[in-house]
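Labels below follow one simple rule: chain letters A, B, ... track the order of the sequence lines, proteins then strands, and each chain is numbered from 1.
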2 protein chains.
Amino acid sequence: MSTLSEVAARAGVTSATVSNVLRNRGRVGEQTRQRVLEAVAALAYRPHLAARALAEGRAPTIALMVSSIANPFYPEFALAVERAARTSGHFVIVCNTNQDPLAGRAYLEQIAGTLSEGVLVMNANLDFADLHQTEARGTPVVLCMWERPNDPPGLPCVAVDFRRAGELAAQHLLERGHRRIGAIVGSKRSGIHAARYEGFVDALRAAGVKLPRTCVRYAPDTIEGGYAAARELLDLHRDTTAIFATNDLPALGSIHAAFDLGRNVPDDLSVIGITDIQLARQSRPPLTTVAVPTVEAAEMAVSLLRELIERPPDTRHTARHTAREQPRVCVASEPRLIVRGSTGTPRRKRG
Amino acid sequence: MSTLSEVAARAGVTSATVSNVLRNRGRVGEQTRQRVLEAVAALAYRPHLAARALAEGRAPTIALMVSSIANPFYPEFALAVERAARTSGHFVIVCNTNQDPLAGRAYLEQIAGTLSEGVLVMNANLDFADLHQTEARGTPVVLCMWERPNDPPGLPCVAVDFRRAGELAAQHLLERGHRRIGAIVGSKRSGIHAARYEGFVDALRAAGVKLPRTCVRYAPDTIEGGYAAARELLDLHRDTTAIFATNDLPALGSIHAAFDLGRNVPDDLSVIGITDIQLARQSRPPLTTVAVPTVEAAEMAVSLLRELIERPPDTRHTARHTAREQPRVCVASEPRLIVRGSTGTPRRKRG
DNA sequence: ATGAAAGCGCTAACAT
DNA sequence: ATGTTAGCGCTTTCAT
């Protein structure tokens, strides 16, 4: 790996000049520019990113904190993040917290501000105190999928109206004529799916449809979790005609459960999820779901993060302290109902 | 972000001493050590990774080149890579080449040796010349999933015997009594699935079973690709009793195709894939497949890469040039047949 | 046991 | 238009 000054020597100039031609800064004579370019080519020179980072006081990477790379929602999102980051000149360091706040903290402490100049947080189950601290130390943080646009988290974020997603799911089921409905809610503990569930329940209530306690199950956010929950639900309430799950994976699991119980989807049972992961359109039957703007959210998040990075640090702070101005929240476009093959009209009761 | 010398000032020592304390180098008096540690804590000091990298002449990151983050095989692999890298003190920069060798080259040129001290290549459809060049420039490269252990690629790699995987698939189908078999091979062009296919065909041949040309379809490595290919296959050869796909996704697609054609799996058609992705056990019916040691391969790859990084550069080179010693290839353990619900015995011909 | 000093490869004033 | 000069924050000889 050749260095700037090697290039400079070969071109008979000083490294400052080489730096200038490489970044189109300062005025450089046309012929020296040529000589420099030749030398760069001859030596196959590539700038040393770590050195540049040090000199510039910034870093060419951002950190993407995720709780689990295995979530099927992750790939599309991460892909969009990577693309967007690339156009803003950043590389992406993937930080898997594995649901463990301590792992998350360890990552933050190590790379925030020293290797990455910004942090994207995607459902990573992190300690907010840790995030505030890294912010306070000067490294911008953006939450990627805040679920309640009207209830800002106190950190910059891009928000998606998941409450609305729940509503849309309920309305669809209601329109199809369903009245005896079950709900499967992503793990209670984190409460991260609360908004989805609220939207769903409220829409039901507005239509005068009740959702008894016993028709609600909390389950891990997986196919297996949905499977188990749906079986319980369907065992307990054999007359259930539709199941709503706060995420696609459990919805898919519900479909499996229905089939194992000898019930056909959508004829004997309708199932609807939220998110619209790739798998939703590839399963049998294809899953009706409420699509969430994944790619858009990713792009907004990167864009917001870059904005924060660019903004001089004092502005970042004052904006928060002096004015009672809250951290920015960018609201992504609304969820959209995608009707596929897993929902239909309830069968008439057998004579 | 406080710096080393700020810590030093507060502790009344010089930055060299702080450095020594922090990395347990050199002899430091017990009381100064204490004072230093206090100062570190008080100032919440964190080493600046970019600065350290520059001073040490090494980098704390490795690059993971992948062709598509969206491949469902990716998450498990990437997760394992991340874990392993972390234990060796490295962060992972995910580089999505999106199947484009030029994108791959751009990544390599930018970060290899300047931000990352090693490169992991996972089915990234990269130009081998580019890889050799980054190697020549002093940045170790490891191929993560070489498919033919006996036909080394000329680069360090971890190899998995995919030929054997194909054999195992064939043997299973044969044992179950299948004779009229169709094959779906991942995109012909790249030829990356050639070994799997060869193993399969050879095992068939050894058993005296022919696989006519028209029973082989080349298809994109997706559910949809497998679906289309399977429909063609089953339309053309209505008496086919089993389908082998060189990957799980197309195998899953084949199952869908069968159902749409009114054929039950496994009763009317058996389907087998290769890899054992998560989805394989979550689909209906669960997919019989030949499992490949994903996690093990990831760990071996990181381990090999680290070894290469640690080894002094001259050794890296001479080993190749003087001795006719080939770059190392680590062979991961053998693929294993996982029998699930998508394969059975062929139905007796209807009277 | 600790300090002084040079340097990693680059950028960014400021001179000339 | 180009060169000089400091650093960026850290590690690492080599002195003391």
Side-chain angles (χ1 to χ4, degrees), chain A residues 1-37 39-40 43-60 89 110-117 137-139 313, chain B residues 1-37 39-40 43-60 89 110-117 137-139 313:
Chain A
M1 302 280 320
S2 41
T3 74
L4 244 206
S5 58
E6 286 172 19
V7 173
R10 189 178 226 270
V13 295
T14 184
S15 56
T17 304
V18 178
S19 178
N20 279 335
V21 347
L22 255 28
R23 15 193 32 241
N24 290 319
R25 289 286 243 290
R27 306 137 295 265
V28 194
E30 187 49 33
Q31 39 182 2
T32 42
R33 143 178 252 93
Q34 286 309 328
R35 264 185 301 134
V36 168
L37 259 19
V40 165
L43 270 48
Y45 169 79
R46 306 276 175 261
H48 192 293
L49 264 28
R52 179 176 283 181
L54 184 57
E56 282 182 328
R58 51 200 318 268
Q110 285 190 79
I111 69 179
T114 76
L115 193 59
S116 294
E117 61 177 354
R137 284 208 189 129
T139 306
Chain B
M1 301 283 318
S2 42
T3 73
L4 245 206
S5 59
E6 286 172 18
V7 174
R10 189 178 226 270
V13 295
T14 184
S15 55
T17 304
V18 179
S19 179
N20 280 334
V21 169
L22 257 27
R23 13 195 36 241
N24 290 318
R25 291 286 242 288
R27 305 137 298 264
V28 194
E30 187 48 36
Q31 38 183 2
T32 43
R33 143 177 253 91
Q34 286 309 327
R35 265 184 301 134
V36 167
L37 258 20
V40 164
L43 294 166
Y45 169 79
R46 306 277 175 263
H48 191 293
L49 264 27
R52 178 176 283 182
L54 184 57
E56 283 182 329
R58 53 200 317 271
Q110 285 190 80
I111 68 179
T114 76
L115 194 57
S116 295
E117 61 177 354
R137 285 208 188 129
T139 306

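One can place NE2 of His48(B) at 8 Å from C1' of dC8(D), the figure rounded to the nearest angstrom. Atom-to-atom, CZ of Arg52(B) to C1' of dC8(D) comes out at 16 Å; the value is rounded to the nearest Å. The separation between Leu115(A) atom CG and dG9(D) atom P is 15 Å, rounded to whole Å. At whole-Å resolution of the value, CD in Glu56(A) and P in dG7(D) are 18 Å apart. With rounding to whole Å, Arg25(B) atom CZ is found 13 Å from dC10(D) atom C1'. Nucleotide dC8(D) holds its C1' atom 13 Å from the CE atom of Met1(B), rounded to whole Å.
OP1 or OP2 of dT12(D) lies within a sub-4.0 Å distance of a side-chain N or O belonging to Arg23(B).
At least one side-chain heavy atom of Arg23(A) sits less than 4.5 Å from a side-chain heavy atom of Arg52(A). For the pair Val13(B) and Val28(B), the minimum side-chain heavy-atom distance is 4.5 Å or more.
Considering all non-hydrogen atoms of both residues, Ala8(B) and Ser15(B) come closest at CB-N, 3.5 Å. Of all heavy-atom pairs spanning His48(B) and Gly113(A), the tightest one is NE2-O, 3.9 Å. Counting all heavy atoms, side chain and backbone alike, Ala59(B) lies closest to Leu115(B) at CB-O, 3.3 Å.
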Atom pairs under 3.5 Å: protein N/O with N/O of nucleotides 2-5 of chain D:
residue	atom	partner	partner atom	Å
dT2(D)	OP1	Thr32(A)	OG1	3.2
dT2(D)	OP2	Gly29(A)	N	2.3
dT2(D)	OP2	Thr32(A)	OG1	2.6
dG3(D)	OP2	Thr14(A)	N	2.8
dG3(D)	OP2	Thr17(A)	OG1	3.0

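Boundaries of the chain A contact region on DNA chain C are dG9(C) to dA12(C), first to last in 5' to 3' order (nucleotide atom under 4.0 Å from a heavy atom).
For Arg35(A) (side chain) and Ala11(A) (main-chain N/O), a donor-acceptor pair under 3.5 Å exists by modelled atom type.
The only option from Leu37(A), Val36(A), Thr3(A) that meets the side chain to side chain contact (heavy atoms under 4.5 Å, CB included) definition with Val18(A) turns out to be Val36(A).
Partners of Arg10(B) by salt bridge (Lys or Arg N to Asp or Glu O under 4.0 Å), not counting sequence neighbours: none found.
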